Protein chains: 2
Amino acid sequence: MTNKLNLNNLTKSEEDYLKALFQLLIEDGATKVGNNQLAEYLKVSPASTNNMVKKLKTKGYVVSEKYGKLDLTEEGKPIAVRLIRKHRLWETFLCNYLNFTWDEVHDVAEQLEHIKSQKLIDELDRFMDFPQKDPHGEIIPNADGEYFVLPKITLSSLEEGDTCQLVAVNDGSVTFLKYVSEIGLALSSEIKIVEIREFDKSIRIEFNNAIETVTKKFADNVFVKKLV
Amino acid sequence: MTNKLNLNNLTKSEEDYLKALFQLLIEDGATKVGNNQLAEYLKVSPASTNNMVKKLKTKGYVVSEKYGKLDLTEEGKPIAVRLIRKHRLWETFLCNYLNFTWDEVHDVAEQLEHIKSQKLIDELDRFMDFPQKDPHGEIIPNADGEYFVLPKITLSSLEEGDTCQLVAVNDGSVTFLKYVSEIGLALSSEIKIVEIREFDKSIRIEFNNAIETVTKKFADNVFVKKLV
DNA sequence: TTAATTTGTTAGTCATAGCTAACTTTTTTA
DNA sequence: TAAAAAAGTTAGCTATGACTAACAAATTAA
Ligand SMILES: [Mn+2]
Ligand SMILES: [Mn+2]
Ligand SMILES: [Mn+2]
Ligand SMILES: [Mn+2]
């Protein structure tokens, strides 16, 4: 009913702010998101964010009280979800058809997600036979805008003796992703926590019949499903 | 030797101006291109063009004397060719893999041609097995930046009794392209000029064992190869 | 419960890339 | 060859989206 034809006449910047706010609100599971937090996430100044938030409020995509926290409206959310859908579909295309590695796709997808064409993205989805997950293990929102959050259990949250399966990785850092590949980890890898060292919280893990030591920082960026 | 690694840090606008100038100079076979001509082609004001030309001159991509005609430098040309390559490869991808019709691809390709990733375009080329022509019959420049101009003989330039083959169409207008398809013409169609009416230069053509009458304006946008 | 710190806002600046209006130079036409 | 027309330039304006510096409000710590 309230589903008015979305003209999609938002700028790249407006789209990026909406997506970032959504990711802080939903993905990273923050209860409240402040202006400066959003600024830091987007690597712009608090003044720039304040300015854009004002604009997005008048357009009806964001709500907040003066000096208060930010939230997306019911009009703002689907815009963010569509961007995430586009981003993840392009990443999948680049990996599965154009020989990109998972550390190469994010930056190009950041550009491609802003291409304006409904048909383009729907056809890309069909062409790839409606993939469910992107190269980093994240769930791709479907054409209806349904968004499912992958439970984000980090490798660092497990205890000695636990066994788990790698379900996703944080796709933000190229060096991190290269590192993950280099030591032989990939989606679906089975990992056992051998030991957590008290001194520096470094973790000895076993996978592929080999043992590696990783830092807590590394383990914070690896998402797993605990096995029984 | 002078082939310094091109950082490709041009804006979308700068790219569009260089491409437009190239198309006026090379494709449309104009001997000289003026400021206002470029402005009209890009649908911006002469003042805007003057401004951008100034910028592109200081960057070394364009040359001109005050009140004189515009030309591209040896640094400017390959940038334009790369854009045309990207544009036509994307159009081909959209048509051949994503179920776009030839009247739907141009606008989306205008956006996609500005995506910055050398790997993306080279891999797209490889994925499609190095296509030679785009959906409108235009030659796609190769990865080495070699540009071949298709001889632009218009259907309107032929005489009564001549026979020809459709090799390309002007891709600028959606309604024109739809019209071409609707009457049953396509790349490689064989066409015979049955009659050219003196009164309004309208042309009766025969193809697929049927006869159609088209205007001179229509025939100006159809490019052919004359058959013996 | 006051002071310090953090968070958010405002004002003013800059770059890019459009625009119109006015002006100058060049070219064409009478 | 002088006037008119066309082409090119300049000045000054606008919008977007960055920035810094200064300030105000809210939160946290002393
Ligand atoms: Mn990504
Ligand atoms: Mn983006
Ligand atoms: Mn085109
Ligand atoms: Mn373009």
Side-chain angles (χ1 to χ4, degrees), chain A residues 7-21 24-25 28 30-72 76 79-80 83 110-111 113-114 116, chain B residues 7-21 24-25 28 30-72 76 79-80 83 110-111 113-114 116:
Chain A
L7 268 320
N8 227 63
N9 33 13
L10 295 174
T11 65
K12 177 187 182 302
S13 286
E14 290 170 332
E15 289 186 340
D16 280 337
Y17 277 92
L18 290 176
K19 186 181 133 185
L21 182 52
L24 286 171
L25 282 168
D28 298 6
T31 26
K32 297 201 160 179
V33 174
N35 181 81
N36 293 11
Q37 191 187 348
L38 181 56
E40 196 189 18
Y41 187 82
L42 283 165
K43 299 185 204 309
V44 294
S45 70
S48 298
T49 303
N50 198 269
N51 212 52
M52 181 59 89
V53 163
K54 220 175 265 176
K55 194 175 154 196
L56 292 172
K57 281 171 74 172
T58 70
K59 291 201 175 190
Y61 299 123
V62 171
V63 278
S64 76
E65 283 161 31
K66 206 170 181 182
Y67 290 100
K69 298 299 167 184
L70 311 174
D71 203 356
L72 283 166
I79 294 172
L83 281 164
E110 277 298 311
Q111 298 178 62
E113 75 189 10
H114 299 289
K116 284 169 176 48
Chain B
L7 268 322
N8 226 64
N9 32 14
L10 296 174
T11 64
K12 177 186 183 301
S13 286
E14 290 170 331
E15 289 185 339
D16 280 336
Y17 277 92
L18 290 176
K19 187 181 134 188
L21 182 52
L24 286 172
L25 283 168
D28 296 6
T31 27
K32 299 200 156 178
V33 174
N35 181 82
N36 293 10
Q37 191 187 348
L38 182 56
E40 197 189 18
Y41 188 82
L42 283 165
K43 297 183 205 307
V44 295
S45 71
S48 297
T49 302
N50 198 269
N51 212 52
M52 180 58 89
V53 164
K54 218 174 267 176
K55 192 174 155 195
L56 293 171
K57 282 172 72 172
T58 71
K59 290 201 176 191
Y61 298 123
V62 171
V63 277
S64 76
E65 283 161 32
K66 206 169 180 182
Y67 290 101
K69 299 298 168 186
L70 311 174
D71 204 356
L72 283 166
I79 295 173
L83 281 165
E110 275 299 310
Q111 299 178 62
E113 75 190 10
H114 299 290
K116 283 167 176 50

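The structure presented is a predicted model; accordingly, all values stated were derived computationally and were not measured. Residue numbering restarts at 1 for every chain, and letters A, B, ... go by the order of the sequence lines.
- The minimum heavy-atom distance between B:Leu25 and B:Asp71, with the atom names listed, is CD1-OD1, 3.5 Å.
- Each of C:dT25, C:dT10, C:dG8 was ranked by its minimum atom distance to the side chain of B:Tyr67; first place goes to C:dT25.
- Among all heavy-atom pairs drawn from B:Met52 and B:Ser13, the shortest one is CE-CB, 3.6 Å.
- Atom-to-atom, NZ of B:Lys69 to C1' of D:dT9 comes out at 14 Å; the value is rounded to the nearest Å.
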Checklist entry - B:Glu110 and B:Lys19: side chain to side chain contact (heavy atoms under 4.5 Å, CB included), yes or no, with the steps? => result CA-CA 11 Å; B:Glu110 275 299 310; B:Lys19 187 181 134 188; 2.8 Å; yes
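- Going from atom CD of B:Gln37 over to atom P of D:dG8 covers 8 Å, rounded to whole Å.
- Minimum heavy-atom separation, A:Lys116 to B:Gln111: N-OE1, 2.6 Å.
- Put simply, B:Asn50 has a side-chain N or O that comes within less than 4.0 Å of OP1 or OP2 on D:dT9.
- Remark: P of D:dT16 and NZ of A:Lys54 are 14 Å apart, rounded to the nearest angstrom.
- Distance, A:Glu40 CD to D:dC19 P: 13 Å, rounded to whole Å.
- As rounded to whole Å, 15 Å separates atom P of C:dT26 from atom CG of B:Asn35.
- Separating the NZ atom of B:Lys66 from the C1' atom of C:dT26 is a distance of 13 Å, rounded to the nearest angstrom.
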Checklist entry - How would nucleotides 12-20 of chain C be written as a contact map, 5' to 3', with B for base contact, S for sugar-phosphate-only contact and - for no contact, using protein heavy atoms under 4.0 Å? => result ----SSSBB
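- If you take OG1 on B:Thr49 and OH on B:Tyr41, they are separated by 13.0 Å, rounding to the nearest 0.5 Å.
- Across B:Leu18 and B:Ala80, no two heavy atoms sit closer than the pair O-CB, 3.7 Å.
- Following rounding to the nearest Å, B:Asn36 (CG) and C:dT26 (C1') show an atom-to-atom distance of 12 Å.
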